[in-house]
Amino acid sequence: MNTSCANSPITTASFSLHPMCDHFIDIIKGALQETDTSNVWMKTDDVTTTARGKMVHVFDVTKAICGHAASSNQHIAFQATYSIGCPGSKDVEDMMVNDHTKANELPEDIQKTYAAAKFSLYPLGTGHYMDVIGKQIEEIKQFVTVRSAYTATKLEGQLGDIFQGLEKCFQATVDAGSEHTVMTVTLSIHSPSHQ
């Protein structure tokens with residue numbers, strides 16, 4: 001088995017959705033059903049859901065699932081780990097023939113929902129990783145408000161802008177030469193503490 005990095009364009013996101021209410025199962029299942037996942041390989045187990053495919057489609061699907069859950073107006077927590085640069089598998093490589101057209105479009109009011117997030121970026125395989133991280137933190141400021149936080153960077157703004165900034169940041173890190181890029185994200189929507 002080939003275990004070297006930088007030999008696969010497949011992006012993976014393993015994520016968990018946590019609605020803070022009694023009918024959390026309905027919200028999770030509803031968000032999954034309302035999202036067009038035809039452009040990604042996807043599997044759900046008892047811990048997370050994993051989506052794999054082209055970067056544009058993986059971000060499209062995770063944003064849509066998070067957004068559909070947010071449309072419930074309940075407090076939603078979303079956690080994800082995005083990764084690119086490690087060997088893929090044949091069932092996922094078949095998904096890579098799809099074009100870059102996004103399959104999901106969230107309503108404008110959902111896109112504009114206030115959210116707060118923390119993210120950490122790990123450009124593996126580069127000797128100047130702190131420079132890469134610092135540059136992307138500066139770049140993401142064009143989309144959202146950025147604040148420092150312990151072990152992460154805090155983002156505040158509209159849900160659609162946060163996902164757009166995260167995707168641009170992830171892509172730019174890959175383009176900068178990171179052999180294996182990992183990004184962790186924790187999002188909070190409709191939290192009582194936002195007030």
Side-chain angles (χ1 to χ4, degrees), residues 11-21 23-24 26-40 42 44 48-82 84 98-121 136-147 149 152-175 183-195:
T11 298
T12 300
S14 289
F15 61 94
S16 298
L17 194 61
H18 305 283
M20 307 297 180
C21 61
H23 56 288
F24 64 93
D26 294 336
I27 292 175
I28 294 170
K29 286 185 174 180
L32 290 168
Q33 289 169 356
E34 290 179 60
T35 301
D36 184 338
T37 61
S38 60
N39 287 331
V40 298
M42 202 159 87
T44 300
T48 63
T49 295
T50 299
R52 304 190 74 205
K54 278 188 175 179
M55 186 185 304
V56 64
H57 299 311
V58 170
F59 274 93
D60 176 55
V61 164
T62 52
K63 173 186 170 182
I65 290 171
C66 189
H68 287 306
S71 69
S72 68
N73 291 318
Q74 298 296 320
H75 179 193
I76 303 293
F78 171 87
Q79 293 180 306
T81 299
Y82 295 87
I84 189 171
N98 294 325
D99 64 22
H100 286 78
T101 304
K102 295 182 178 182
N104 297 281
E105 186 64 41
L106 289 172
E108 189 174 350
D109 62 325
I110 300 302
Q111 298 253 28
K112 290 184 174 182
T113 301
Y114 174 83
K118 287 186 178 179
F119 89 108
S120 297
L121 183 64
Q136 293 315 311
I137 289 171
E138 286 302 310
E139 290 293 322
I140 207 168
K141 288 179 180 178
Q142 65 184 298
F143 300 98
V144 295
T145 301
V146 175
R147 304 184 194 284
T153 299
K154 186 174 181 186
L155 311 176
E156 298 173 1
Q158 297 178 358
L159 182 63
D161 291 341
I162 288 176
F163 269 98
Q164 184 180 9
L166 290 170
E167 183 177 356
K168 296 279 188 188
C169 171
F170 194 74
Q171 179 68 66
T173 303
V174 173
D175 293 344
M183 182 172 68
T184 60
V185 178
T186 301
L187 252 159
S188 180
I189 310 159
H190 301 306
S191 170
S193 62
H194 292 165
Q195 302 169 7

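The chain is numbered in sequence order, starting from 1. No hydrogens, no waters, no symmetry mates; every other heavy atom, side chains included, goes into these values.
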Q: Could you tell me which non-hydrogen atom of A31 sits nearest to which non-hydrogen atom of I65, and how far apart they are?
A: CB-O, 3.5 Å
Q. So how far is it from K29 NZ to E34 CD, rounded to the nearest 0.5 Å?
A. 14.5 Å
**Q.** Contact check, side chains of F119 and L166, non-hydrogen atoms, under 4.5 Å
**A.** yes
Q. Taking all atoms of both residues into account, what is the closest heavy-atom pair of A117 and I162, and its distance?
A. CB-CG2, 4.3 Å
Q) Are the side chains of I27 and Q74 in touch, meaning some heavy atoms are under 4.5 Å apart? A) yes
(Q) Quick check for you: to the nearest 0.5 Å, what is the distance between I28 atom CD1 and T44 atom OG1? (A) 10.0 Å
Q.
In the structure I gave you, are the side-chain heavy atoms of S16 and T49 within less than 4.5 Å of one another anywhere?
A. no
Q. Between I110 and L106, what is the shortest heavy-atom contact and its length?
A. CG2-CD1, 4.3 Å
Q. When you look at F170 and M55, which way does the side chain to side chain contact (heavy atoms under 4.5 Å, CB included) test go after all the steps?
A. CA-CA 9 Å; F170 194 74; M55 186 185 304; 3.7 Å; yes
Q) Are the side chain of N39 and the backbone N or O of H57 linked by a donor-acceptor pair below 3.5 Å? A) no
Q) Can you check whether L32 reaches M42 side chain to side chain, under 4.5 Å on heavy atoms? A) yes
Q) Can S14 and Y82 be counted as having a side-chain donor-acceptor contact under 3.5 angstrom? A) no
Q. Rounded to the nearest 0.5 Å, what separation is found between the CZ atom of R147 and the NZ atom of K154?
A. 7.0 Å
Q) Without hydrogens or angle criteria, can the side chains of H190 and S72 be said to hold a donor-acceptor pair below 3.5 Å? A) no
Q | Charged N-O contact under 4.0 Å between K168 and E139 | A | no
Q. Within a radius of less than 6.0 Å around CD of E105, do more than 12 heavy atoms belonging to other residues, nucleotides or ligands occur?
A. no
Q | Side-chain touch K118/T184, heavy atoms, less than 4.5 angstrom | A | no
Q.
Quick check on the 6.0 Å ring-centre criterion: do F163 and F59 meet it?
A. no
Q | Check against side chain to side chain contact (heavy atoms under 4.5 Å, CB included), C66 and L159 | A | CA-CA 9 Å; C66 189; L159 182 63; 4.3 Å; yes
Q.
Counting C-beta onward and ignoring hydrogens, is there a side-chain heavy-atom pair between K112 and D109 closer than 4.5 Å?
A. no
Q. Can you name the nearest heavy-atom pair linking L187 to A115, along with the distance?
A. CD2-CB, 3.6 Å
Q: Work out which heavy atom in T113 is nearest to a heavy atom in I189; give both atom names and the distance.
A: CG2-CG2, 3.6 Å
Q. Is E167 salt-bridged to K102, going by a charged N under 4.0 Å from an acidic O?
A. yes
**Q.** Residue pair F24 / L17, side-chain heavy-atom distance below 4.5 Å
**A.** no
Q: Calculate, to the nearest 0.5 Å, the distance between atoms CD1 and CZ belonging to I84 and R52 respectively.
A: 10.5 Å
Q) Strictly by modelled atom types, are T35 and T37 linked by a side-chain donor-acceptor pair under 3.5 Å? A) no
Q. Given the rule in the side chain to side chain contact (heavy atoms under 4.5 Å, CB included) test, do T48 and T50 qualify, once you have shown the distances and angles that lead to the verdict?
A. CA-CA 6 Å; T48 63; T50 299; 4.1 Å; yes
Q. Under 4.5 Å between any side-chain heavy atoms of M183 and T173, yes or no?
A. no
Q) Any luck finding a side-chain donor-acceptor pair between D60 and N104 under 3.5 Å? A) yes
Q | Under 3.5 Å: donor-acceptor pair, side chain of S191, backbone of S188 | A | no
Q | K141 and Q136 side chains, donor-acceptor separation under 3.5 Å | A | no
Q: Hey, could you give me the CG/CG distance between L155 and D161, rounded to the nearest 0.5 Å?
A: 11.0 Å
Q. Are H68 and K63 close enough, and set up right, to give a side chain to side chain contact (heavy atoms under 4.5 Å, CB included), and what steps lead you there?
A. CA-CA 9 Å; H68 287 306; K63 173 186 170 182; over 6 Å; no
